[in-house]
Amino acid sequence: MTDFLLVAWVSALIEITRFGWMLGLGKRWTPGEKLKLLFAGYNGTRNTGSDVRVQEMLRQVRCVLGPDHVDFSVMTQNFGRTKGYFEGTRQVYLPDVYPPFLHREVRQNHGVIACEGSMFKSKFANALTTMMIGSWGSHRQRTSFRLATAVRQAVWMA
């Protein structure tokens, strides 16, 4: 029952975002403006492999787009556990009850990069899958940039 309520809550917020976008709320990215990207994942839980993967993704995207052209945010469950990671990146606290956070935080970015190894399957937890889909769903309604990049098998090496 809890999973059902969580999915319904996230779905309702996605639809609210869509209606707001249709009514002219929100702002698209424009050339010359720093591209704000939110790296959506389950970081700060002492899963070093996950945090290192996101660290490498941040490094590579920053290298490709140029550090002067981007402004990154990354979700974390615990700031202390991600200390030393994600240099030059704003860390935002992902609360256990996350739908209001997603609704607020996703709208502040031009795009979302999903960076969780188990991002679209519920082998770990339905709540994690709902969070990942909620991150993307809010941006889908805005026709914004979305990208799934994380794979379990390897960390990209540039």
Side-chain angles (χ1 to χ4, degrees), residues 1-14 17 29 33-140 142 144-158:
M1 184 63 164
T2 304
D3 287 341
F4 173 78
L5 294 175
L6 185 61
V7 169
W9 189 2
V10 170
S11 297
L13 291 175
I14 289 171
T17 301
W29 174 81
E33 180 181 8
K34 281 192 172 190
L35 182 63
K36 294 180 186 178
L37 297 176
L38 174 65
F39 286 72
Y42 190 66
N43 302 303
T45 59
R46 290 280 187 222
N47 182 346
T48 303
S50 180
D51 293 343
V52 168
R53 177 176 47 240
V54 175
Q55 174 68 29
E56 181 61 16
M57 291 167 63
L58 290 164
R59 186 191 71 77
Q60 289 189 22
V61 173
R62 190 175 278 120
C63 181
V64 169
L65 298 178
D68 297 334
H69 303 290
V70 294
D71 183 14
F72 295 152
S73 299
V74 65
M75 296 177 183
T76 184
Q77 287 274 298
N78 184 315
F79 294 110
R81 292 180 180 169
T82 54
K83 187 176 181 179
Y85 290 105
F86 318 134
E87 184 179 332
T89 301
R90 183 175 71 100
Q91 293 187 44
V92 292
Y93 177 68
L94 174 64
D96 292 336
V97 180
Y98 58 79
F101 162 82
L102 287 181
H103 185 66
R104 180 184 65 253
E105 191 65 36
V106 167
R107 292 183 309 171
Q108 295 178 16
N109 293 276
H110 298 116
V112 174
I113 296 182
C115 54
E116 178 59 41
S118 58
M119 65 181 109
F120 298 122
K121 60 182 180 180
S122 61
K123 294 285 185 184
F124 175 65
N126 290 337
L128 177 60
T129 302
T130 303
M131 188 272 293
M132 298 305 294
I133 291 171
S135 297
W136 267 32
S138 293
H139 266 282
R140 169 65 182 104
R142 295 177 54 201
S144 297
F145 174 82
R146 295 164 314 282
L147 179 66
T149 57
V151 292
R152 277 196 168 289
Q153 292 76 15
V155 174
W156 301 346
M157 301 304 278

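Leu58 CG to Cys63 SG: the interatomic distance, rounded to the nearest 0.5 Å, is 12.5 Å. With rounding to the nearest 0.5 angstrom, the OH atom of Tyr42 is 11.0 Å from the CG atom of Asp51. A distance of 7.5 Å separates OG1 of Thr82 from CG of Asn43, quoted to the nearest 0.5 Å. Note: Asn109 CG to Leu37 CG = 7.0 Å, rounded to the nearest 0.5 Å. From Phe79, atom CZ reaches atom CZ of Phe86 across 11.0 Å, with rounding to the nearest 0.5 Å. How far CG of Leu35 is from NE2 of His69: 11.0 Å, rounded to the nearest 0.5 Å.
For the pair Glu56 and Arg59, the salt-bridge criterion is met [side-chain N within less than 4.0 Å of a carboxylate O].
Screening Arg62, Lys36, Lys34 against Phe72 for a side-chain contact (heavy atoms from CB on, under 4.5 Å) leaves a single residue, Arg62.
What you find for Leu94 and Gly41 is that their closest heavy atoms are CD2-O, 3.9 Å. Across all non-hydrogen atoms, the minimal contact from Gly44 to Asn78 is O-CB, 3.4 Å. Here the closest heavy-atom approach between residue Ala40 and residue Val112 is recorded as CB-CG1, 3.9 Å. Considering every non-hydrogen atom in both Ala114 and Met57, the closest pair reads O-CE, 4.3 Å.
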Worked check of salt bridge (Lys or Arg N to Asp or Glu O under 4.0 Å) between Arg90 and Glu105:
CA-CA 12 Å; Arg90 183 175 71 100; Glu105 191 65 36; 2.4 Å; yes

Would Leu38 and Val92 count as a side-chain contact (heavy atoms from CB on, under 4.5 Å) here? Give the steps.
CA-CA 9 Å; Leu38 174 65; Val92 292; 4.3 Å; yes

Candidate pair Val10 and Ile14, rule side-chain contact (heavy atoms from CB on, under 4.5 Å), full reasoning:
CA-CA 6 Å; Val10 170; Ile14 289 171; 4.0 Å; yes

Go through the steps for Gln77 and Asp96 under the test side-chain contact (heavy atoms from CB on, under 4.5 Å), then give the verdict.
CA-CA 8 Å; Gln77 287 274 298; Asp96 292 336; 3.5 Å; yes

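Between Leu102 and Leu13 the shortest side-chain heavy-atom distance does not fall below 4.5 Å. Looking at heavy atoms from C-beta onward, Phe101 lies in side-chain contact with Met75 at the 4.5 angstrom threshold.
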